[in-house]
Chemist: 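Take this structure first; my questions come after.
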Amino acid sequence: MEKTKTKLEQLKAVLENHKTMLIVMQDNPDPDSIAAAVALRKLANVLAEVQCSIAHGGSVGRGENRALVKYLGLNLRPIEQIDTAAFELFALVDTQPGTGNNSLPDPIEPDIVIDHHPCRQRTRHCRFTDIRSQYGATVTILFEYFKAAEIKIDTPLATAMLYAIRSDTQDLGRDTSRADTLALAELFSLANKRMLSQIQRGKVQRDYFKLLADALQNAAVYGNAIVTNLGRLDNPDMVAEAADLLLRDDLTDWVMAYGLSQDKLVISLRTEQEHLHADDVMHKLVARKGTGGGHPSYAGGQVSIKGLSQPKIAALEEQVVERFIKAVVTNGEKPQKLIQPE
Ligand SMILES: [Mn+2]
């Protein structure tokens with residue numbers, strides 16, 4: 001609590017005497033990014049009367065996340081449509097400068113960075129940073145600010161924050177700290193449980209089922225690991241969703257799912273072998289080619305495919321799969337289809 005009080009004072013000092021701030025989330029923002037942005041907007045407004053806009057790169061694809069945005073009545077803006085010159089301050093939440101998973105234009109150094117991924121070199125130069133990599137969700141950090149500042153968390157925000165913690169930690173099952181458990185317990189009494197249930201059953205677009213079928217059909221088993229290729233997709237969130245689903249296979253402790261979204265190869269890793277660190281494995285997969293990072297049990301990465309021919313893209317995918325197998329597969333069996341024909 002002492003640390004949070006000090007941080008809160010520092011945050012207030014950075015905000016004071018400014019009128020506008022652009023809050024940038026992860027590309028294809030997940031619930032933790034979305035709720036953290038809304039929480040920071042409220043804090044900036046209450047602490048220093050700063051007016052905030054929230055922006056992101058990519059799209060909000062996952063049905064649950066679209067339902068969350070709708071419930072919060074958010075007017076999220078694609079970052080390419082934003083005149084950044086109109087803002088005095090910039091913040092990043094649930095991501096950091098130079099990670100490759102946010103679209104804050106590169107020359108802009110954010111004034112504020114609040115995140116729970118491992119701290120990056122460039123983050124150290126920012127005016128205000130609060131990086132707590134042991135926390136399961138970024139909103140847990142923000143929850144502590146609300147407590148320290150004695151600001152009430154309204155029902156929609158509490159619902160969003162609760163969902164963020166549940167989603168990032170898979171109901172406190174992965175990469176969770178005591179702080180997340182405490183925040184979740186308190187948010188539970190404030191949240192709209194009926195709405196939460198509706199968000200979790202968010203409507204999906206029809207191509208969801210096609211992508212899911214492809215992900216299952218293409219899944220190949222390499223001993224203790226599953227690899228699947230989702231091909232071209234409009235909604236890169238689907239890569240993470242397929243990885244989550246396939247990790248439920250009871251003989252599997254590693255999953256890699258990948259697909260092509262716009263001009264990127266997008267990769268998701270999931271594991272139950274947290275000691276091997278999914279984020280470290282991801283660094284190996286994208287080494288010298290792209291960017292990536294995450295947490296001990298889940299990680300994401302991306303490699304640019306801009307201007308690459310189809311054979312070059314196929315070779316890149318093959319290389320990433322090879323690197324993955326080398327990093328995590330313990331027995332050199334030949335791959336088999338997950339779903340065998342009858
Ligand atoms: Mn997060």
Side-chain angles (χ1 to χ4, degrees), residues 23-41 43 54-58 60-62 64-65 68-69 72 74 76 91-104 110 112-120 123 129-146 157-184 187 196 199-200 236-237 239-241 243-244 266-271 274 277-279 282 291-302:
I23 302 173
V24 178
M25 311 182 279
Q26 284 179 15
D27 292 345
N28 316 307
D30 66 8
D32 189 31
S33 261
I34 296 166
V38 176
L40 180 60
R41 179 177 71 177
L43 266 182
I54 301 175
H56 64 92
V60 179
R62 210 162 169 154
E64 296 91 324
N65 302 354
L68 177 65
V69 167
L72 292 169
L74 284 183
L76 298 182
L92 284 179
V93 288
D94 206 31
T95 177
Q96 297 177 42
T99 49
N101 73 336
N102 69 71
S103 298
L104 180 68
I112 293 167
V113 183
I114 302 174
D115 189 22
H116 70 128
H117 297 85
C119 191
R120 299 277 177 143
T123 303
T129 63
D130 195 348
I131 310 298
R132 304 188 197 183
S133 59
Q134 72 281 17
Y135 277 26
T138 297
V139 294
T140 302
I141 306 171
L142 287 151
F143 172 82
E144 294 186 0
Y145 287 0
F146 274 80
L157 180 56
T159 310
M161 290 171 88
L162 175 64
Y163 184 48
I165 298 173
R166 288 181 59 173
S167 146
D168 258 26
T169 66
Q170 291 198 331
D171 288 319
L172 305 179
R174 69 178 181 192
D175 304 332
T176 307
S177 73
R178 186 171 148 71
D180 302 300
T181 311
L182 292 173
L184 188 111
L187 289 165
L196 190 64
I199 291 168
Q200 283 179 296
D237 282 357
V239 172
E241 188 156 347
D244 281 333
V266 184
I267 310 162
S268 260
L269 287 185
R270 297 291 184 270
T271 186
E274 285 172 36
H277 287 267
D279 45 346
M282 183 56 81
T291 51
H295 307 275
S297 61
Y298 65 114
Q302 50 274 318

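For ligands, and for the atoms within them, numbers begin at 1 and follow the listed sequence.
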Chemist: Take M25 and I34, measure what side chain to side chain contact (heavy atoms under 4.5 Å, CB included) needs, and give me the verdict at the end.
Modeler: CA-CA 7 Å; M25 311 182 279; I34 296 166; 4.0 Å; yes
Chemist: By atom name, which N, O or S atom of D168 is the nearest to the Mn ion (ligand 1)?
Modeler: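 Going through the N, O and S atoms of D168 one by one, OD2 ends up nearest to the Mn ion (ligand 1).
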Chemist: Is it true that H116 and D168 share a donor-acceptor pair across their side chains at a distance under 3.5 Å?
Modeler: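 Present: a donor and an acceptor within the cut-off.
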Chemist: What is the name of the N/O/S atom in D32 that sits closest to the Mn ion (ligand 1)?
Modeler: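 It is OD2 of D32.
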Chemist: Got an N, O or S from D30 under 2.8 Å of the Mn ion (ligand 1)?
Modeler: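 No - counting backbone and side chain alike, D30 has no N, O or S atom under 2.8 Å.
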Chemist: Quick one: does V113's side chain get under 4.5 Å of P97's, heavy atoms only?
Modeler: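 In contact.
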Chemist: For G100 and T291, work out which heavy atoms get closest and say how close.
Modeler: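 Minimum heavy-atom separation between G100 and T291: CA-OG1, 3.4 Å.
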Chemist: Taking both backbone and side-chain atoms into account, decide whether D94 has an N/O/S atom under 2.8 Å from the Mn ion (ligand 1).
Modeler: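 Of the N, O and S atoms in D94, at least one lies under 2.8 Å from the Mn ion (ligand 1), which means yes.
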Chemist: Over all heavy atoms of both residues, which pair between N65 and D30 is shortest? Give the atoms and the distance, please.
Modeler: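 Distance-wise, the nearest heavy atoms are ND2-CA, 3.8 Å.
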Chemist: Confirm or rule out an N/O/S atom of H117, from backbone or side chain, lying less than 2.8 Å from the Mn ion (ligand 1).
Modeler: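 No, outside the cut-off.
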